[in-house]
Amino acid sequence: MPPVAPRRLCRARGSARRRGRRSCHGVSRVAVPTSAVPDVLGPKLTCIFCGINPGRVSAAAAAHFANPRNDFWRLLHDAGFTPRQFEPSEQFMLLELCLGVTNAALRTTPGSGDLRRSDFDATRLERIVAELDPVAIAFVGKEAYRGTFNERPELGPQWRTIAATALYVLPSTSPANAAVPYAERLHWFSSLRDWLAPGHRDAVRALLVDADERLMLGSTETR
């Protein structure tokens, strides 16, 4: 049984709006008064990128992934999510592309290793999903996902969902993760882009039996 696939899709970047389909006009800014960095959120988003928490550079700039050594904005562009590499100060322009950004923990720390278990609150993401109904949430780094759900993920799409919102885990873009080659991190960002890309998919469902002889509904998708 493969991980859950995204259920609906926003139009491709730069494509013409199709008659009868919803468009995402990103004008809403959901402020978080307890965080030094505001959420970049709005309705009808294809994907919300969820970092782990604000670092000091991001907090000072009031912008996500503001450390110039952080590769997030470069990866976002190279994977085809944005038409050019955005500056962190241009973060709200993501809403026009049906993309958003938030953090798994709101407290600013020198490093993610300074976070406590109590800093993470899965119910906050559940409230975001209930209010905004995004197609998917992509956690930028395994620790953002692990802190939220207290379980170790693999990279890529996850079994877990929040309501109908699919979950995906990306490699960390932090300078602390620089040992992971850029090409490998780009691979996962590009894979996310493909996973969310518009296109017809035929679903094939089957009953599967696991090692404990439990029945599961499996599905695969072909383009």
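These numbers come from a predicted model, not from an experiment.
- When atom types are taken as modelled, the side chain of His187 and the backbone of Tyr182 share no donor-acceptor pair closer than 3.5 angstrom.
- Every ring-ring contact (aromatic ring centres under 6.0 Å, His included) that Phe149 has, sequence neighbours left out, goes to Phe139, Tyr145.
- Using modelled atom types and a 3.5 Å distance limit, the side chains of Asn70 and Thr173 yield a donor-acceptor pair.
- Taking CG from Leu41 and CD1 from Ile48, the interatomic distance works out to 5.0 Å, rounded to the nearest 0.5 Å.
- Listed by chain and number, the residues in a salt bridge (charged side-chain N to carboxylate O under 4.0 Å, His left out) with Glu151 are Arg160 (sequence neighbours excluded).
- Taking CG of Asn67 as the reference point, atom OG of Ser174 lies at 7.5 Å (rounded to 0.5 Å).
- Remark: His77 NE2 to Asp71 CG distance equals 13.0 Å, nearest 0.5 Å.
- Between Leu196 and Cys47 the shortest heavy-atom distance is CD1-CB, 3.7 Å.
- Residues satisfying the salt bridge (charged side-chain N to carboxylate O under 4.0 Å, His left out) criterion with Glu126, sequence neighbours excluded, are absent altogether.
- Contacts of Phe65 classified as ring-ring contact (aromatic ring centres under 6.0 Å, His included), with partners at least two apart in sequence or in another chain: Phe72.
- Separating the CD1 atom in Ile137 from the OG1 atom in Thr102 is a distance of 8.5 Å, to the nearest 0.5 Å.
- No side-chain heavy atom of Val101 sits less than 4.5 Å from a side-chain heavy atom of Asp39.
- At least one side-chain heavy atom of Pro171 sits under 4.5 Å from a side-chain heavy atom of Asn177.
- The closest donor-acceptor contact from the side chain of Ser58 to the backbone of Ala66 lies under 3.5 Å.
- The six-membered or imidazole ring of Phe49 lies away from that of Tyr168, with a centre-to-centre distance of 6.0 Å or more.
- Distance alone, capped at 3.5 Å, is enough to place a donor-acceptor pair between the Glu90 side chain and the Glu87 backbone.
- Classification of Arg185 and Asp78 as a salt-bridged pair fails, no side-chain N sitting under 4.0 Å from a carboxylate O.
- Using a 4.5 Å heavy-atom cutoff, the side chains of Leu97 and Pro83 are in contact.
- Annotation: ring-ring contact (aromatic ring centres under 6.0 Å, His included) contacts of Phe189 (sequence neighbours excluded): none.
- Scanning for salt bridge (charged side-chain N to carboxylate O under 4.0 Å, His left out) contacts around Arg152 gives an empty result, with sequence neighbours left out.
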